[in-house]
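Structure below; questions to follow.
A, B, ... follow the sequence lines: proteins, then strands. Residue 1 opens every chain.
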2 protein chains.
Amino acid sequence: MKQETRKDEIIVTASKLFKEKGYSAVTMRDLATAMGIKAASLYNHINSKQDILKAIIISIAEEFTSGMNAIIHSDASNIDKLEKIVDLHVNITSHNTNGMASLNNDWMHLEDQLGYYLQLRNEYEANFLNIIKEGILSSELKNSNPEIIMFSMLTTLRSLYLWIPKKEDLNANDLSNSLSEVLIEGINN
Amino acid sequence: MKQETRKDEIIVTASKLFKEKGYSAVTMRDLATAMGIKAASLYNHINSKQDILKAIIISIAEEFTSGMNAIIHSDASNIDKLEKIVDLHVNITSHNTNGMASLNNDWMHLEDQLGYYLQLRNEYEANFLNIIKEGILSSELKNSNPEIIMFSMLTTLRSLYLWIPKKEDLNANDLSNSLSEVLIEGINN
DNA sequence: ATATTAAACTAACGCTTGTTAGTTTGGTGA
DNA sequence: TCACCAAACTAACAAGCGTTAGTTTAATAT
């Protein structure tokens, strides 16, 4: 259990501000004020504003990648794999709601790491689409347009960050189950 | 048929840039360069950067409001009303893809008009939720959590702007039908 | 030809931005 | 008690921001 450093606190605070106004609209002075210090003091802990964004987005993107890798290498049915994907999104979003906002809305402001991020995202979507196509081939899923199915599921899952904070009463398991029902039963055969 | 003014051209160009980088990251000099003129020249046509955002977002929000009003005052079944909502989103997004990006991502940077925008959005969501609840009461829809159903549909529909440009081959009717299938059949009784 | 006008221009403004350099503070371990 | 060090500070920078004022250009209408 790694202990929370001052740098971590800055990243957590930045995530919250980035969620509210977006990366570009948050100034280093905004961030410093939220931390109760002066802007220049931030630079004792971080290298640049850009580095904060990178730290937020890349770590989440890598969580998704390793989660997806576990799923595709499991021997579950394709329906079960889709349910595991729903689970993955609910879990990651639950423990990093604010960071998901940056991942969704501010990825284009990554500079050096933009290519790497896009690579991870493309691979993730290709794996996702593949599960759906396999599910259709094996008649587990209705023969709808696989891209539309993925689009519908993925955009809903990506928007969870907007919705989870409003429903704190609902625990992660219940939410995951309800979502699986709504998202998957419509395409189930 | 009102003819295209220079101001309209600026708003169209701004929409495209706002979609790519977000409102805050686009400078008036960026916009001017994209128009092939100098930044100061923009002010012969518009009052402020803020006004451009307002023009983009509020007009779309009002389109949604009047579309929703037509739907709730029609005597269609609740399932049919949901299909009409899908249609409404596909149509508005098809003819203003870029503007939808600002509506989704930059509404919080509205200043004077923020309250008005939120009012329209809240009313829209209340009407949407009501249709789902009525559908459940009349047994047209499965007895799932109505908020999750709305969340799932609405986030998919709000994200259409990301997806429609990639699928120019698919016409609006086909897309609307496929989406209705995926989104509604899962909750249909 | 002349007056009008839409739409561009140059030049500059005051302010905010991310960031750096160098310094002070206050607590911990030797 | 003193050296150390993380973490704050003040002061300042060059660049970029949205915007204004006043001027020029080129096409249209009288």
Practice item. Using whole Å, report how far NZ of A:K49 lies from P of C:dG18. Key: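 For the pair A:K49 NZ and C:dG18 P, the rounded distance is 5 Å.
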#### Entry: A:E9 CD to D:dA8 C1', straight-line distance once rounded to whole Å
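It works out to 14 Å between those atoms.
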Checklist entry - D:dG18, C:dT19, C:dT10: which one has an atom nearest the side-chain heavy atoms of A:S48? => result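 Ranking D:dG18, C:dT19, C:dT10 by closest atom to the A:S48 side chain puts C:dT19 first.
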### Message
Expressed as a whole number of angstroms, how long is the span from A:D51:CG to C:dG18:C1'?
### Response
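My rounded result for the distance is 13 Å.
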message: Quick check for you: among C:dG18, C:dC9, D:dT10, whose closest atom lies nearest to any side-chain atom of B:I37?
response: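 Of the options given, the side chain of B:I37 lies nearest C:dC9.
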query: In a check of side chain to side chain contact (heavy atoms under 4.5 Å, CB included) between B:W163 and each of A:I148, A:T155, A:L154, which one passes?
result: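 Checked A:I148, A:T155, A:L154 against B:W163; only one passes side chain to side chain contact (heavy atoms under 4.5 Å, CB included): A:I148.
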Fill in: For atom NZ of A:K38 and atom C1' of D:dA7, their distance in whole Å
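Rounding to the nearest Å, NZ of A:K38 and C1' of D:dA7 are 15 Å apart.
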Quick one about B:E62 and B:Y117 (side-chain donor to acceptor, distance below 3.5 Å, no hydrogens or angles considered), yes or no?
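Judged by distance alone, the side chains do not pair up.
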(request) With DNA chain D as reference, determine whether B:D30 or B:N47 sits nearer its 5' end, using the nearest nucleotide of each. (result)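 It is B:D30 whose nearest nucleotide is closer to the 5' end.
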Nucleotide of C:dA8, D:dA7, C:dA11 approaching B:R6 most closely (side-chain heavy atoms):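 Of the candidates, C:dA8 comes closest.
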Q | Given DNA chain C, 5'-ward residue of the pair A:N44 and A:A25, judged by closest heavy atom | A |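 Checking each residue's closest nucleotide, the 5'-ward one belongs to A:A25.
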**Report entry** Gap between atoms CG and C1', on A:L42 and D:dT10 respectively (whole Å)
**Finding:**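 A:L42 atom CG is separated from D:dT10 atom C1' by 15 Å.
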**Prompt:** Is the phosphate of D:dA7, meaning OP1 or OP2, less than 4.0 Å from a side-chain N or O of A:H45?
**Reply:**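 True: A:H45 side-chain N/O within range (under 4.0 Å) of D:dA7 OP1/OP2.
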Ignoring hydrogens and geometry, is there a side-chain-to-backbone donor-acceptor pair from A:Q113 to A:K54 under 3.5 Å?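 A pair under 3.5 Å: no.
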ask   = Counting only side-chain N and O atoms of B:S41, is one of them less than 4.0 Å from OP1 or OP2 of C:dC9?
value =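 Yes, such a contact exists.
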What is the distance, to the nearest angstrom, from the OH atom on A:Y43 to the C1' atom on D:dC9?
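Atom-to-atom, A:Y43 to D:dC9, this comes out as 16 Å.
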_Between D:dA12 (P) and A:M28 (CE): distance, integer Å_ =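 Atom CE in A:M28 sits about 21 Å away from atom P in D:dA12.
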**Message:** At 4.0 Å (heavy atoms only), tell me whether A:R29 reaches a base, stays on the sugar-phosphate, or touches nothing.
**Reply:**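 Base contact - A:R29 has a heavy atom under 4.0 Å of at least one base atom.
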- [ ] Would you mind reporting whether B:W107 and B:L53 have side-chain heavy atoms less than 4.5 Å apart?
- [x]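 No, their side chains stay 4.5 Å or more apart.
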Nearest-angstrom distance from the residue atom CG of B:D8 to P of C:dA7: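 Taking atom P of C:dA7 as the reference, CG of B:D8 is at 11 Å.
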ask   = Can you name the nearest heavy-atom pair linking A:K49 to A:I46, along with the distance?
value =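 Looking at all heavy atoms of both residues, the closest pair is N-CD1, 4.5 Å.
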